[in-house]
Protein chains: 2
Amino acid sequence: MKELPDFAQHFILHWGEMGTKWGINRTVAQIHALLFLSEEPLNAEDICTRLGVARSNVSNSLRELQNWGIVKVVHLPGDRRDHFESIKDVYEMFRIIAAERKKREIDPTLANLRNCADEAGQEKGEGDPYAKKQLEELLGFFELVSDFYDKMNRLPTKSAIKAIRMGDKIAKSIGAIGK
Amino acid sequence: MKELPDFAQHFILHWGEMGTKWGINRTVAQIHALLFLSEEPLNAEDICTRLGVARSNVSNSLRELQNWGIVKVVHLPGDRRDHFESIKDVYEMFRIIAAERKKREIDPTLANLRNCADEAGQEKGEGDPYAKKQLEELLGFFELVSDFYDKMNRLPTKSAIKAIRMGDKIAKSIGAIGK
DNA sequence: CTTGCATTTCTGTAAAGACAGAAATTAAGA
DNA sequence: TCTTAATTTCTGTCTTTACAGAAATGCAAG
């Protein structure tokens with residue numbers, strides 16, 4: 001097992017810090033960063049020593065990364081131990097992350113907004129028309145975002161990248177047509 | 001001060017819960033939801049009683065919402081107290097939120113990745129070419145996302161919405177051309 | 001200047017999350 | 001089946017965050 005170069009250390013530490021801002025546990029994010037940079041799959045013990053965290057912590061963090069779907073178990077010939085590797089392709093990785101975040105952060109809200117809009121519709125008497133209007137606008141926005149996500153997700157990576165690169169030009173031309 | 005209808009209560013509670021998943025404090029998110037649905041600006045005391053949280057908590061949460069830029073102070077004639085109102089336009093609101101999140105969550109990472117890539121470039125000897133390659137790919141991705149964001153942010157709301165609505169069709173046509 | 005309300009800051013407590021080390025479980029090879 | 005290495009789960013501690021209530025500050029009208 002080679003030692004990590006300095007730049008890798010710096011990156012791993014930063015990624016761990018940012019993880020906390022993204023609602024991901026620091027250790028989880030660090031392990032992910034380590035695996036992402038590592039050409040060979042690593043076993044849990046390696047990860048412990050490289051990052052200096054407890055074995056149990058590594059075990060739980062790896063499970064979380066597997067739940068996210070961005071880390072997989074692999075087995076090396078002649079070695080009983082589990083080894084772990086990250087998804088290597090950046091775009092594929094963020095596609096998976098985006099899908100998972102949508103599932104956890106957007107979909108439940110969308111469902112709630114639909115419920116609430118229903119409730120608002122069934123209200124007796126005058127209710128609160130302003131609140132109702134605002135809620136419906138929010139629902140519209142979430143539906144727009146959710147649809148957009150689903151569409152983009154169906155595209156192959158290359159098309160998606162191209163679309164992102166050209167995003168503004170396309171939008172501008174649409175804007176111009178729209179006027 | 002009118003009572004809140006049921007659907008509004010349900011929405012506020014849910015929004016508070018989701019806030020925690022988005023890295024936002026529950027009370028902060030609840031206050032935001034309340035103000036978003038409220039036609040009139042509310043004062044701090046109103047917010048306390050509606051949500052049943054401590055005055056100090058409301059005060060701090062309102063400051064955070066003002067830092068985000070999605071809540072403003074307004075003054076009502078004949079009333080010394082501060083009143084607060086949310087940005088009402090959903091798109092405008094998410095534009096601001098997106099800008100703030102980019103500033104907090106993307107930009108620092110972009111800066112770090114550039115640093116690390118520099119370090120990697122200046123390494124003596126062989127270093128770790130694989131890690132270097134992975135880091136550069138990640139950097140490329142973050143630059144792509146950051147540019148895309150900046151471009152979209154400069155568009156007027158209507159154009160952006162149209163672009164989002166048509167997103168998949170555009171991307172598909174690009175993909176087809178690309179082949 | 002001072003009185004009284006509005007607001008913020010401070011302080012302590014409660015709750016949640018992160019994490020290490022120990023114990024328990026699983027599974028492979030002898 | 002027994003042994004041993006590997007992994008997971010459990011338990012307690014420590015740190016961080018959330019929050020209420022109290023104290024302090026700010027500010028406007030008289």
Side-chain angles (χ1 to χ4, degrees), chain A residues 1 12-35 40-68 71-85 104-105, chain B residues 1 12-13 15-35 40-68 71-85 104:
Chain A
M1 185 177 71
I12 290 168
L13 291 177
H14 177 84
W15 200 249
E17 287 315 311
M18 292 315 288
T20 64
K21 306 215 178 194
W22 300 331
I24 292 161
N25 169 302
R26 179 181 291 109
T27 309
V28 173
Q30 284 184 356
I31 293 175
H32 170 239
L34 174 62
L35 292 175
E40 309 83 28
L42 301 178
N43 64 52
E45 206 58 51
D46 289 345
I47 298 172
C48 282
T49 46
R50 291 255 182 122
L51 300 180
V53 296
R55 192 49 236 283
S56 55
N57 198 0
V58 169
S59 176
N60 291 325
S61 300
L62 283 169
R63 182 145 36 81
E64 188 166 342
L65 285 166
Q66 286 172 274
N67 289 341
W68 273 86
V71 162
K72 308 278 179 204
V73 188
V74 295
H75 284 98
L76 272 55
D79 195 331
R80 283 168 53 182
R81 295 172 298 181
D82 287 354
H83 286 67
F84 301 89
E85 67 179 5
R104 299 181 191 197
E105 300 174 12
Chain B
M1 186 177 72
I12 290 168
L13 291 176
W15 201 247
E17 287 315 311
M18 291 314 288
T20 65
K21 307 216 177 194
W22 301 330
I24 292 160
N25 170 302
R26 180 178 293 110
T27 310
V28 172
Q30 284 185 356
I31 293 175
H32 170 238
L34 174 62
L35 291 175
E40 309 85 29
L42 302 178
N43 63 54
E45 206 58 50
D46 288 344
I47 297 171
C48 282
T49 45
R50 291 256 181 119
L51 300 180
V53 295
R55 194 49 237 284
S56 55
N57 198 1
V58 170
S59 176
N60 291 325
S61 300
L62 283 168
R63 182 146 36 81
E64 188 166 341
L65 285 167
Q66 286 172 274
N67 289 341
W68 273 85
V71 163
K72 308 277 179 202
V73 188
V74 295
H75 283 99
L76 272 54
D79 195 332
R80 285 167 52 181
R81 295 170 299 179
D82 287 354
H83 287 66
F84 302 89
E85 66 179 5
R104 299 181 191 196

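Protein chains get the first letters and strands the later ones, always in sequence-line order, with residue 1 at the start of each.
Nearest-nucleotide positions on DNA chain C for A:Ala54 and B:His83 put B:His83 closer to the 5' end. Each of A:Asp82 and B:Arg26 was matched to the nucleotide of DNA chain D holding its nearest heavy atom; the match closer to the 5' end belongs to A:Asp82.
Across all strands, B:Arg80 comes closer than 4.0 Å to base atoms (heavy-atom distances).
Computed from coordinates, the B:Asn25 CG to D:dT16 C1' distance equals 13 Å when rounded to whole Å. Atom pair A:Leu51:CG and C:dA18:P shows a separation of 16 Å (rounding to whole Å applied). Look at NZ on A:Lys21: it is 11 Å from P on D:dT17, rounded to the nearest Å. Between the CG atom of A:Asn57 and the P atom of D:dT9 there is a distance of 14 Å, given to the nearest Å. Rounded to whole angstrom, the span from the CG atom of B:Leu42 across to the P atom of C:dA6 amounts to 15 Å. Per the geometry, CG belonging to B:Leu62 stands 16 Å off P belonging to D:dA18, to the nearest Å. Between the CD1 atom of B:Ile24 and the P atom of D:dC19 there is a distance of 13 Å, rounded to whole Å. Taking atom CD of residue B:Glu64 and atom P of nucleotide D:dC19, one finds them 11 Å apart after rounding to whole Å.
Residue B:Ser56 places its side chain closer to D:dG21 than to any other of D:dC19, C:dT7, D:dG21. Relative to the side chain of B:Val53, the nucleotides C:dT7, D:dA20, C:dG4 differ in distance, and D:dA20 lies closest.
In this structure, CG in B:Leu13 is found 13.5 Å from CE in B:Met18, a value given to the nearest 0.5 Å.
Between B:Phe84 and B:Val74 the shortest side-chain heavy-atom distance does not fall below 4.5 Å.
The shortest distance between the side-chain N/O atoms of A:Arg63 and the OP1/OP2 oxygens of D:dT9 is below 4.0 Å. Between B:Ser59 and C:dT7 there is no side-chain polar atom (N or O) within less than 4.0 angstrom of OP1 or OP2. Phosphate contact (OP1/OP2 of C:dT7, side-chain N/O of B:Asn60, threshold under 4.0 Å): absent. For B:Arg55 and D:dC19, the shortest distance from a side-chain N or O to OP1 or OP2 is not below 4.0 Å.
Between B:Trp22 and B:Trp15, the ring-plane angle classifies as perpendicular under the 30° and 60° cut-offs.
Here B:Glu45 pairs with nothing under the salt bridge (charged side-chain N to carboxylate O under 4.0 Å, His left out) rule; sequence neighbours left out.
Side-chain atoms of A:His75 do not come within 3.5 Å of backbone N or O of A:Val73 as any donor-acceptor pair.
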